[in-house]
Amino acid sequence: MNAQEIISYMESLRDDEQRKILIRFFKTAPGEYGFGDEFLGLKVPQTREVVRLAGIDFPLVEVPTLLTSRWHEVRLCGFLILVAKFDKLATKRLENNAEAIKHRDEILTMYLQYAERANNWDLVDLSAHKILGHWLLLPTALVGGQTGLHTDYKFKVLDELSASPCLWKQRMSIVCTWKTSQQGDPMWCLRYAEIHLHHPHDLMHKAVGWMLREMGKRISMDLLRDFLRQYAHEMPRTMLRYAIEKMPERERKEWMSR
């Protein structure tokens with residue numbers, strides 16, 4: 001199965017009624033964040049089934065054809081294929097394997113190269129933590145061919161995403177920290193939550209609040225409270241509301257009153 005065959009197959013599954021629902025749900029009208037996005041009307045489980053049919057050995061060189069498709073679901077298929085490939089190469093056994101590191105870096109490089117094709121929140125949220133976020137925790141050889149964690153270089157990668165004028169790259173820089181928080185490292189979430197604290201877009205308010213909530217839940221509610229003590233008074237209310245969602249009701253009311 002090559003990329004063109006995948007696209008033809010997914011086009012054959014087109015559902016016009018579901019397409020109308022998705023066009024509204026993903027805000028594709030003029031002036032909305034998803035303006036211009038085109039849908040076939042496939043549900044995510046259908047796209048995941050196509051990924052399964054394509055198989056883990058689907059050629060990496062074919063993936064850009066999917067990522068540059070006009071169809072939202074085909075782009076999602078491409079990103080999920082990258083997720084599956086990265087996941088296979090990121091097991092404990094292969095963590096420090098030179099060949100696995102090389103191929104993980106190739107996948108990460110392709111992901112960043114086509115980051116703007118993840119041009120809606122679902123495309124970011126289903127891929128960023130599983131590729132970019134996981135890569136932050138693993139050895140890389142992208143710095144002069146020298147294998148290591150290279151934290152400063154990884155900060156540089158995320159800093160460039162966070163400073164991009166592209167909303168979806170900005171969202172990647174915070175949503176990727178879901179994975180680092182899952183693995184017990186709060187540094188990434190706290191850094192990029194602070195960077196995006198005054199972001200003007202509601203989608204980023206939700207993303208930052210969500211990642212702070214996950215960091216608190218997975219690592220330390222006290223760390224979350226420390227962050228809130230410093231910034232709650234200037235956080236957008238949506239961001240704050242998302243961040244404190246798992247706290248007791250009385251405490252939530254106290255934070256919101258600030």
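Quick note: numbers below take in every heavy atom, side chains included, and nothing from hydrogens, waters or symmetry partners. Just so you know, residue 1 is the first one in the sequence shown, and it goes up from there.
Distance check: Glu73 CD to Glu11 CD gives 10.5 Å after rounding to the nearest 0.5 Å. Taking CE of Met215 as the reference point, atom SG of Cys189 lies at 5.0 Å (rounded to 0.5 Å). Considering CD1 of Ile219 and CE of Met187, their distance stands at 10.5 Å, rounded to 0.5 Å. Considering OG of Ser181 and NZ of Lys179, their distance stands at 11.5 Å, rounded to 0.5 Å. Within the model, atoms NZ of Lys20 and CG of Asp16 stand 7.0 Å from one another, a figure rounded to the nearest 0.5 Å. Atom CZ of Arg213 is separated from atom CE of Met239 by 13.5 Å, given to the nearest 0.5 angstrom.
Formation of a donor-acceptor pair under 3.5 Å by the Lys169 side chain with backbone atoms of Ala115 is not found in this model. Side-chain atoms of Gln230 never come within 3.5 Å of backbone atoms of Phe227 as a donor-acceptor pair (strictly under, hydrogens ignored). One N or O on the side chain of Gln46 and one on the backbone of Lys43 form a donor-acceptor pair closer than 3.5 Å. Judged by distance alone, the side chain of Asn120 and the main-chain N or O of Asp122 form no donor-acceptor pair under 3.5 Å. Here the side chain of Thr177 pairs a donor or acceptor atom with the backbone of Ile174 at under 3.5 angstrom. Lys253 places no side-chain N or O within 3.5 Å of a backbone atom of Pro248 that could act as its donor or acceptor partner. Between the side chain of Lys154 and the backbone N or O of Trp135 there is at least one donor-acceptor pair closer than 3.5 Å. A donor-acceptor pair under 3.5 Å is formed between the side chain of Ser127 and the backbone N or O of Leu123. A side-chain donor-acceptor contact under 3.5 Å links Glu62 to the backbone of Ala3. At distances below 3.5 Å, at least one donor-acceptor pair connects side-chain atoms of His150 with backbone N or O atoms of Gln146.
Between Tyr33 and Phe25, the closest heavy-atom pair is OH-O, 4.0 Å. Listed here is the closest heavy atom pair of Arg104 and Pro139: NH2-O, 3.4 Å. For the residue pair His129 and Val175, the shortest heavy atom distance occurs at CB-O, 3.7 Å. Nearest heavy-atom pair, Met110 versus Leu60, reported as atom, atom and distance to 0.1 Å: CE-O, 3.5 Å. Considering every non-hydrogen atom in both Asp105 and Ala141, the closest pair reads OD2-N, 2.8 Å. Scanning both residues, Leu42 and Leu13, for their nearest heavy atoms gives CD1-O, 3.8 Å.
For the pair Ile244 and Arg225, the minimum side-chain heavy-atom distance is 4.5 Å or more. Between Trp188 and Cys176, every side-chain heavy-atom pair lies at or beyond the 4.5 Å cut-off. Residues Asp159 and Arg191 meet the side-chain proximity criterion, which asks for heavy atoms closer than 4.5 Å. You'll find the side chain of Glu106 stays beyond 4.5 Å of the side chain of Leu142, heavy atoms only.
Partner of Asp37 under the salt bridge (charged side-chain N to carboxylate O under 4.0 Å, His left out) criterion, out of Arg75, Arg24, Arg70: Arg75 alone.
Here Asp15 does not pair with Arg19 in a salt bridge; the nearest charged N to carboxylate O distance is not below 4.0 Å. The pair Glu245-Arg252 does not count as a salt bridge, with every side-chain nitrogen at least 4.0 angstrom from each carboxylate oxygen. Under the 4.0 Å criterion applied to side-chain N and carboxylate O atoms, Glu254 and Arg258 are not assigned as salt-bridge partners.
Judged by the 6.0 Å distance and 45° axis criteria, Arg171 is not positioned over the aromatic ring of Trp168.
A ring-centre distance under 6.0 Å is not found for Phe79 and Tyr114. Ring-centre distance between His134 and Phe86: below the 6.0 Å cut-off. Between Phe26 and Trp121, a ring centre-to-centre spacing shorter than 6.0 Å is recorded.
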Q. After noting the C-alpha distance and the side-chain angles of Gln170 and His196, does the key distance pass the side-chain hydrogen bond (donor to acceptor under 3.5 Å, both in side chains) rule?
A. CA-CA 8 Å; Gln170 295 166 8; His196 292 304; 5.4 Å; no

Q: Applying side-chain contact (heavy atoms from CB on, under 4.5 Å), run through Leu158 and Met172 and close with a yes or a no.
A: CA-CA 8 Å; Leu158 261 61; Met172 282 180 179; over 6 Å; no

Q.
One pair to check against side-chain contact (heavy atoms from CB on, under 4.5 Å): Leu197 and Glu234. What are the steps and the verdict?
A. CA-CA 8 Å; Leu197 196 68; Glu234 56 185 293; 3.7 Å; yes

**Q.** side-chain contact (heavy atoms from CB on, under 4.5 Å) between Leu67 and Leu82, intermediate numbers included
**A.** CA-CA 10 Å; Leu67 299 181; Leu82 292 183; 4.2 Å; yes

Q: Determine, step by step, whether Thr140 and Leu149 satisfy the side-chain contact (heavy atoms from CB on, under 4.5 Å) criterion, reporting the C-alpha distance in whole Å, the side-chain angles of both residues, the deciding distance to 0.1 Å, and the verdict.
A: CA-CA 6 Å; Thr140 179; Leu149 285 177; over 6 Å; no

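Under the 4.5 Å side-chain heavy-atom criterion for Ile, Leu, Val, Met, Phe, Trp and Tyr, Leu22 and Phe35 are members of distinct hydrophobic clusters. Note: the hydrophobic cluster containing Val50 does not contain Ile56 (ILVMFWY, side chain heavy atoms under 4.5 Å, direct or indirect links). Put simply, Leu112 and Ile81 are part of the same group of oily side chains (I, L, V, M, F, W, Y) that touch within less than 4.5 Å, one to the next. Criterion: ILVMFWY side-chain heavy atoms under 4.5 Å apart, direct or through other members. Under it, Leu137 and Trp178 are not part of a common hydrophobic cluster.
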